[in-house]
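Atoms within a ligand are numbered from 1 in the order they appear, just like the ligands themselves.
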Amino acid sequence: MEGAIAKPDRRFEIPGIAEIVKGSGGLRKVRITTPEVVGEIYLHGAHVTSWKPAGREEVLFLSSQSRFEDGRAIRGGVPVCFPWFGGKADDPQAPAHGFVRTKAWQLESIAQAGGGVTVSMFTESDEGTKKWWPAEFRLTHRVTFGSELSLELAATNTGTTPLRLEEALHAYYRVGDVEKARVRGLDGVHYSDKTDSNREKVQDGDIAIVAETDRVYQNNSGPIEITDSVLHRRIVVKKENSRTTVVWNPWVQKALSFSDFAKDEWKEMICVEVCNTADLAVNLGPGQEHRMKALVEVADF
Ligand code: TA6
């Protein structure tokens, strides 16, 4: 059952620093509290829902209407999308963004790292995953909470046949006013515009959010920067082994279509997602591993 705190998990705890507690909906989460950082990650989807470096306000957006239940994705924080992004090309019935964000992962380890804490969780192929995707795999999400936030997704092909996967760290960042925020670092990069029949376009300068925005930028390795003149901060996202970046804001109408999102919350968030999708999906031979990493920093602006 997703809620119960299994005795064995207790052995991972670091008293006063990393504790396994019941969170929203009774789902288990690891709560991190050190002089350098406060943070949270749920076992449900290995989903980071809070990161607050010392002296800073919360960096991640989490919807006040988010669901916290088995089979549903948490709205906000950093959902892990795997092994496909968006809809599944050959199966309209399949869950959007794959199946790992809606299931319970297992704790692998919790370790102190300097002033921060690294939490590792994993999930593997089973009867449930094979219903949608035949491959044998092991997926580990290793998150270090510190003055920076490091998120590493390691996918291993544990089977005997090649596999192809898409992946995303679908991060929701909190901004003071999305219309005053800007996204830098994608000038001149080609993207497909999901709000315009996936038409291919080229980014010209910084991104300003003036309408529903849903863009898949290909062949870029970052860094990407969100500037926020309202909260006087900039969020810098560095990437490793990621060649796709997605930028998303639902704006007014799309926001109204979500039952797990309050109507005006589109003003307070922007997604900048570290991914490998579509033509840049990852191919893994038997026994091979792929590690994708996002490193997030906050600075004054
Ligand atoms: O990353 C952007 C996107 O793919 C959008 O198309 C939008 O659907 C968003 O993800 C949220 O997806 P979700 O399945 O969480 O509602």
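A cation-pi geometry, defined here as NZ or CZ lying under 6.0 Å from the six-membered ring centre and within 45° of its normal, does not hold between Arg75 and Tyr172.
For the 3.5 Å distance criterion, the side chains of Thr49 and Lys29 fail to qualify, holding no donor opposite an acceptor.
Each salt bridge (Lys or Arg N to Asp or Glu O under 4.0 Å) pair with one or both residues in residues 164-175, not counting sequence neighbours, appears once here: Glu57-Arg174.
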Could you pull out the N/O contacts under 3.5 angstrom between ligand 1 and the surrounding protein atoms?
from     : atom 1 : to     : atom 2 : distance (Å)
ligand 1 : 1 (O)  : His170 : NE2    : 2.9
ligand 1 : 1 (O)  : Glu273 : OE1    : 2.9
ligand 1 : 1 (O)  : Glu273 : OE2    : 2.8
ligand 1 : 4 (O)  : His97  : NE2    : 3.3
ligand 1 : 4 (O)  : Lys194 : NZ     : 3.4
ligand 1 : 6 (O)  : Asp214 : OD2    : 2.5
ligand 1 : 10 (O) : His97  : NE2    : 3.0
ligand 1 : 10 (O) : His170 : NE2    : 3.1
ligand 1 : 12 (O) : His97  : NE2    : 3.4
ligand 1 : 14 (O) : Arg101 : NH2    : 2.9
ligand 1 : 15 (O) : Arg75  : NH1    : 3.1
ligand 1 : 15 (O) : Arg101 : NH1    : 2.9
ligand 1 : 16 (O) : Arg75  : NH1    : 3.2
ligand 1 : 16 (O) : Arg75  : NH2    : 3.0

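With salt bridges taken as basic N to acidic carboxylate O contacts below 4.0 Å, one links Arg184 and Asp206.
Checked against the 6.0 Å centroid threshold, Phe85 and His97 count as a close aromatic pair. For an aromatic pair to be called close, the ring centres must be under 6.0 Å apart, and Phe258 with Trp266 fails this.
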